[in-house]
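Read the structure below first, then the notes.
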Amino acid sequence: MTTGAAGILAQFTRRPPPPGERCELCGEPLPDEHRHLVDTTRRSLKCSCPPCHLLFTRPGAGQGRFRAVPDRYLTDPGFTLDGSGSGSGSGGGDGSGIGGDGWNRLQIPVGLAFFFRNSALDRFAAFYPSPAGATESELDPATWDAVIGRTRLAGLLQDDVEALLLRAERDRPASCTLVPIDICYELVGRMRLHWKGFDGGAEARADIEEFFGRVESRARPLKTDSGAGAGARAGSRAEDGGAP
């Protein structure tokens, strides 16, 4: 049998790869629950196995193109969204749910949004989930700084790989959680999958409640004392395994 014929035969006798997702760097099979990398050049998420994920937790690894998405969830018990910059943990303001001054200044038409810093563009980006996908909202830098930028959670945010997830409801204070960026796109995917009609339907609302219940259960509160900012940063890095 010639070498060429043997190669062709091998194509038909080779075992097919196992079903399911695979690491987009090395090709290893992945479980349903797995980690992600941010491709800062293409602005996309890549599924990764534990060794590849660990490789890119080091600053500058791969010339900075890929960054490992950490696994930390943080809340600030003193967070408010009052539109005056007092959301820094002072506890002032009315919390600004939907219809409040703080939320109105962000110009987000729905009660869900996430914010992250795009290092390539050197600015913050604001998105809100919708049945059509993630929709970007134009965010004025001055407004960001006044409403959210001075908060303790914003000060801890890691470029590209983490986001501030905001939820506002009528007659309730807005909530803010620092989360991995891939969780935000999971929320977008859930809404696209389940949303029906104008208000989403019972299935979509139940799914969103389950999602935020899971986020809340994972979140760790920042310390409430005035010196918690630096300590929370160090403690949080330890919690996420030292991710950048």
Side-chain angles (χ1 to χ4, degrees), residues 34-48 53 56-57 66-76 79-81 87-89 96 102-103 105-130 133-141 143-145 147-168 174-192 208 211-222 229 232-233 236-237 239-241 243-244:
H34 54 264
R35 307 295 291 275
H36 293 94
L37 303 170
V38 170
D39 184 336
T40 60
T41 300
R42 297 186 177 182
R43 308 308 310 174
S44 62
L45 287 171
K46 291 189 176 295
C47 301
S48 65
H53 186 273
F56 291 101
T57 60
F66 298 109
R67 295 196 62 192
V69 178
D71 189 32
R72 68 171 180 172
Y73 296 72
L74 298 174
T75 59
D76 183 357
F79 175 84
T80 60
L81 188 66
S88 57
S96 288
W103 193 264
R105 291 183 67 184
L106 292 175
Q107 300 182 23
I108 302 294
V110 296
L112 298 173
F114 60 95
F115 303 80
F116 68 94
R117 188 177 183 279
N118 184 320
S119 62
L121 299 178
D122 194 26
R123 66 172 177 84
F124 281 92
F127 287 83
Y128 57 90
S130 74
T135 302
E136 185 169 10
S137 175
E138 295 296 330
L139 183 64
D140 177 65
T143 301
W144 158 267
D145 187 59
V147 180
I148 304 177
R150 302 174 190 176
T151 65
R152 294 197 296 164
L153 290 175
L156 295 172
L157 199 62
Q158 298 177 26
D159 294 357
D160 303 310
V161 295
E162 291 183 322
L164 297 183
L165 178 60
L166 269 69
R167 186 186 191 189
S175 66
C176 179
T177 310
L178 187 152
V179 298
I181 189 69
D182 52 2
I183 288 296
C184 299
Y185 288 103
E186 177 188 336
L187 176 61
V188 173
R190 284 170 172 256
M191 290 190 64
R192 292 191 66 180
I208 290 173
F211 172 86
F212 276 96
R214 179 159 53 91
V215 169
E216 183 178 353
S217 69
R218 294 183 178 182
R220 296 174 179 265
L222 295 179
R233 181 188 296 270
S236 298
R237 284 177 181 257
E239 291 169 14
D240 66 30

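Numbering of residues begins at 1 and proceeds along the displayed sequence. Computed from heavy atoms alone, side chains included, the values below leave out hydrogens, waters and symmetry copies.
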Subject >> Separation between CZ of Arg218 and OG1 of Thr177, rounded to the nearest 0.5 Å >> reply: 12.5 Å

**OP:** Heavy atoms only: give me the nearest Leu74-Leu222 pair and the separation to one decimal.
**Re:** CD1-CD2, 4.2 Å

Subject >> Criterion salt bridge (charged side-chain N to carboxylate O under 4.0 Å, His left out) on Arg67 and Asp39, from CA distance to verdict >> reply: CA-CA 7 Å; Arg67 295 196 62 192; Asp39 184 336; over 6 Å; no

Subject >> Pairwise distance CD(Glu162) to SG(Cys184) - rounded to 0.5 angstrom >> reply: 10.0 Å

Original post:
If we ignore angles and hydrogens, is there a donor and acceptor under 3.5 Å between the side chains of Thr40 and Asp160?
Top reply: no

**OP:** Using side chain to side chain contact (heavy atoms under 4.5 Å, CB included) as the criterion, list what pairs up with Glu136, not counting sequence neighbours.
**Re:** Arg123, Ala125, Phe127

**OP:** Mind listing the closest non-hydrogen atom pair of Ile181 and Ala163 along with its distance?
**Re:** CD1-CB, 3.7 Å

Subject >> Over all atoms of both residues, closest heavy-atom pair of Leu156 and Arg72 >> reply: O-NH2, 2.7 Å

Original post:
Hey, what do you get for CG (Leu166) to CG (Leu106), rounding to the nearest 0.5 Å?
Top reply: 7.0 Å

Subject >> Residues in side chain to side chain donor-acceptor pair (under 3.5 Å) contact with Glu186, at least two apart in sequence or another chain >> reply: Arg190, Arg214

**OP:** Walk me through it: do Val215 and Val179 pass the test side chain to side chain contact (heavy atoms under 4.5 Å, CB included)?
**Re:** CA-CA 8 Å; Val215 169; Val179 298; 4.1 Å; yes

**OP:** Run the numbers on Phe79 and Thr151 for side chain to side chain contact (heavy atoms under 4.5 Å, CB included), then give the verdict.
**Re:** CA-CA 7 Å; Phe79 175 84; Thr151 65; 3.8 Å; yes

Original post:
What distance do Leu112 atom CG and Phe211 atom CZ have between them, rounded to the nearest 0.5 Å?
Top reply: 9.0 Å

Original post:
Is the closest basic N to carboxylate O distance between Arg35 and Asp71 below 4.0 Å?
Top reply: no

Subject >> Non-hydrogen side-chain atoms of Phe66 and Thr41 separated by less than 4.5 Å >> reply: no

Subject >> Cationic N near anionic O, under 4.0 Å, Asp140 to Arg105 >> reply: no

**OP:** Kindly determine whether Leu37 and Leu45 satisfy side chain to side chain contact (heavy atoms under 4.5 Å, CB included), including the steps that lead there.
**Re:** CA-CA 6 Å; Leu37 303 170; Leu45 287 171; over 6 Å; no

Subject >> Minimum heavy-atom distance between Pro129 and Val110, given as atom pair plus value >> reply: O-CG2, 4.3 Å

Original post:
What residues, two or more places apart in sequence or in another chain, satisfy side chain to side chain contact (heavy atoms under 4.5 Å, CB included) together with Pro109?
Top reply: Tyr128

**OP:** Please round to the nearest 0.5 Å and tell me the distance separating atom CH2 of Trp103 and atom CZ of Arg167.
**Re:** 10.5 Å

Subject >> Distance under 6.0 Å and angle within 45° of ring axis: Arg220 vs Tyr73 >> reply: no

Original post:
So which heavy atom on Gln107 is nearest to which on Ser137, and how close?
Top reply: O-OG, 3.5 Å

**OP:** Look up atom CZ in Phe124 and atom CG in Leu139, then write down how far apart they are to the nearest 0.5 Å.
**Re:** 9.0 Å

Subject >> Closest heavy-atom pair and its distance - Ser48, His53 >> reply: OG-CB, 3.5 Å

Subject >> Aromatic plane relationship, Phe114 with Phe116 - under 30° parallel, 30 to 60° tilted, over 60° perpendicular >> reply: parallel

